[in-house]
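To start, the structure under review is shown below, and the notes come after it.
Position 1 is the first residue of the sequence, and the numbers go up from there. Everything quoted here is computed from the prediction, not taken from an experiment.
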Amino acid sequence: LLAAALPEPEPALYTVTLEDLIRFFKNPACRLLQERLGIRPEEGEEALATREPFVLDGLENYQVLEQMLDLHLERRPATTIATILRAEGALPHGQVGECVFKQALDRVIRFAGRLGRVWPRQAPEPVVVDLPLGGFRLTGQVRGLTPECWVGYRLAGMKANDYLNLWLHHLALNAAAPDGMSRPSHWVAEDQEVLLEPIPVADAVAYLQALLAIYQQGTQRLLHFFPNSALTYMETLRKDKHQDTDKALRAAQRAWEGSEYDQRRAERDDAYYQLAFRDTDPLDDEFVELAQAVFAPLFAQIEPPAADA
């Protein structure tokens with residue numbers, strides 16, 4: 001799609017919010033096509049990427065689960081939640097809708113119970129992020145703090161975007177938190193919990209600078225970084241005592257292309273990747289380098305979750 005690198009971006013793009021940096025790493029091609037070229041696929045394509053296992057009219061619908069969880073955490077009764085969803089047309093009619101709602105509500109209640117062990121009842125003030133990092137300035141706020149740690153969550157299985165969300169919040173917290181503040185991070189997913197211990201300020205700053213250097217490249221050219229495939233590559237490598245890079249790359253290829261044995265959507269089907277990388281195989285040396293640059297420092301920090309009592 002791009003025969004040559006774009007010129008350096010306008011100075012405004014060198015001030016980056018934490019949320020913008022997270023969105024960038026979730027889909028660098030999307031950010032470049034939207035922000036620098038003004039290209040957007042037909043509306044509706046992007047929404048496919050956010051679906052999670054909540055079967056509704058044959059489709060997985062994470063947004064409905066998220067809404068149900070928010071309402072449940074507001075202590076809304078089940079009858080009120082059901083009424084709201086029906087009014088929005090989010091539930092099938094009749095007994096099918098009742099069955100779907102009950103199954104989803106059971107998931108919400110179980111997850112809320114686990115989340116309640118760590119989620120703050122009264123959130124402290126957020127940490128303000130305003131960091132000069134090389135030629136960049138990283139700004140934003142870290143919310144979701146408790147006296148013990150930062151807490152993030154999503155009612156779904158742990159995915160690449162969750163790791164990115166966790167890692168970037170952890171780095172920002174550890175780089176910007178005032179002295180004396182607790183700086184661990186805790187992510188709650190439906191299938192696991194991930195704990196990160198504090199790291200030195202200098203290390204957090206160095207990691208952020210390295211990620212911002214990747215961001216800078218991504219403002220000028222299409223990067224071969226695809227979070228799901230990259231995570232598959234790194235997880236396969238971590239689990240293999242022989243560190244077989246060919247095996248890890250084959251696993252990443254299956255995540256990228258899809259497989260008849262895997263119900264997950266092929267990552268290459270994303271509308272922005274289709275525009276940017278059609279008729280090519282972008283899982284090359286650059287892909288491997290970026291997968292390691294983004295995820296290896298995170299996995300080096302991950303502490304195993306505490307066993308349930």
With a 4.0 Å cut-off on N to O distance, would you call Asp106 and Lys102 a salt bridge?
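Counted as a salt bridge, because a side-chain N and a carboxylate O are separated by less than 4.0 Å.
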Q | Charged N-O contact under 4.0 Å between Asp20 and Arg23 | A |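 Between Arg23 and Asp20 there is a salt bridge, with a charged N closer than 4.0 Å to a carboxylate O.
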Stepwise, does the side-chain contact (heavy atoms from CB on, under 4.5 Å) test hold for Ile81 with Val108?
CA-CA 11 Å; Ile81 298 173; Val108 166; over 6 Å; no
Which atom names give the shortest non-hydrogen contact between [X] and [Y], and what distance separates them?
| X | Y | result |
| --- | --- | --- |
| Asp162 | Gly157 | OD2-O, 3.5 Å |
| Ala175 | Leu208 | CB-CD1, 3.9 Å |
| Leu32 | Gly218 | CD1-O, 3.0 Å |
| Ile22 | His169 | CD1-CE1, 3.5 Å |
| Glu286 | His224 | OE2-N, 2.9 Å |
| Arg221 | Leu2 | CA-CD1, 4.3 Å |

Working to the nearest 0.5 angstrom, can you tell me the gap between [X] [atom1] and [Y] [atom2]?
| X | Y | atom1 | atom2 | answer |
| --- | --- | --- | --- | --- |
| Glu267 | Thr232 | CD | OG1 | 8.0 Å |
| Lys26 | Asp270 | NZ | CG | 13.0 Å |
| Leu37 | Leu6 | CG | CG | 5.5 Å |
| Phe225 | Phe24 | CZ | CZ | 9.0 Å |
| Leu166 | Met158 | CG | CE | 5.5 Å |
| Leu222 | Leu275 | CG | CG | 10.0 Å |

Point to revise | Check: Tyr163 ring centre within less than 6.0 Å of Phe299 ring centre | key: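 Tyr163 vs Phe299: aromatic centres under 6.0 Å.
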Exercise for review: Could you tell me whether Trp167 and Phe25 have their ring centroids closer than 6.0 angstrom?
Suggested key: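 Distance test on ring centres: not under 6.0 Å, no.
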Start with the C-alpha gap between Leu73 and Leu69, add the side-chain angles, then the distance that decides, and say whether side-chain contact (heavy atoms from CB on, under 4.5 Å) holds.
CA-CA 6 Å; Leu73 293 175; Leu69 178 61; 4.0 Å; yes
Is the side chain of [X] donor-acceptor paired with the backbone N or O of [Y] at a distance under 3.5 Å, no angle test?
| X | Y | value |
| --- | --- | --- |
| Gln141 | Val129 | no |
| Arg86 | His93 | no |
| Gln220 | Pro9 | no |
| Arg278 | Gln274 | yes |
| Thr15 | Arg137 | no |
| Arg154 | Glu66 | no |
| Asp240 | Thr236 | no |
| Arg183 | Leu173 | no |

May I ask you to decide if the ring planes of Tyr14 and Phe136 are parallel, tilted or perpendicular, using 30° and 60° as cut-offs?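 Tilted.
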### Task
Return the orientation label for the Tyr273 and Phe277 ring planes: parallel under 30°, perpendicular over 60°, tilted otherwise.
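Tyr273 and Phe277: tilted rings.
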Original post:
Do Val288 and Leu249 pass the side-chain contact (heavy atoms from CB on, under 4.5 Å) test, and can you show the C-alpha distance, the side-chain angles, and the key distance before you say yes or no?
Top reply: CA-CA 8 Å; Val288 171; Leu249 194 56; 4.2 Å; yes
With a 4.5 Å heavy-atom cut-off, do [X] and [Y] have their side chains touching?
| X | Y | result |
| --- | --- | --- |
| Leu283 | Tyr233 | no |
| Leu298 | Met234 | no |
| Leu131 | Val205 | no |
| Glu88 | Gln67 | yes |
| Thr219 | Tyr215 | yes |
| Leu237 | Gln243 | yes |
| Gln34 | Tyr272 | yes |

Check this for me: [X], atom [atom1], are more than 12 non-hydrogen atoms of other residues, nucleotides or ligands nearer than 6.0 Å?
| X | atom1 | value |
| --- | --- | --- |
| Gln95 | CD | no |
| Glu125 | CD | no |
| Glu10 | CD | no |
| Arg264 | CZ | no |

* Run the numbers on Arg107 and Gln103 for side chain to side chain donor-acceptor pair (under 3.5 Å), then give the verdict. => CA-CA 7 Å; Arg107 285 179 65 185; Gln103 291 174 347; over 6 Å; no
State plainly whether one hydrophobic cluster holds both [X] and [Y], where clusters connect Ile, Leu, Val, Met, Phe, Trp and Tyr through side-chain heavy atoms under 4.5 angstrom apart.
| X | Y | result |
| --- | --- | --- |
| Leu115 | Ile109 | yes |
| Leu212 | Val201 | yes |
| Phe101 | Val96 | yes |

Should Asn174 and Leu196 be marked as a side-chain contact (heavy atoms from CB on, under 4.5 Å) after you check the CA-CA gap, both sets of side-chain angles, and the distance that decides it?
-> CA-CA 11 Å; Asn174 279 264; Leu196 298 180; over 6 Å; no
Criterion ring pair (Phe, Tyr, Trp, His ring centres under 6.0 Å) against Trp119, the qualifying member of Trp150, Trp187, Tyr153, Phe111: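 Going through the options one by one, the only one that passes is Tyr153.
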Check your understanding: Per the side chain to side chain donor-acceptor pair (under 3.5 Å) rule, which among His170, Gln301, Glu197 passes with Ser185?
Key ->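 The passing option is His170.
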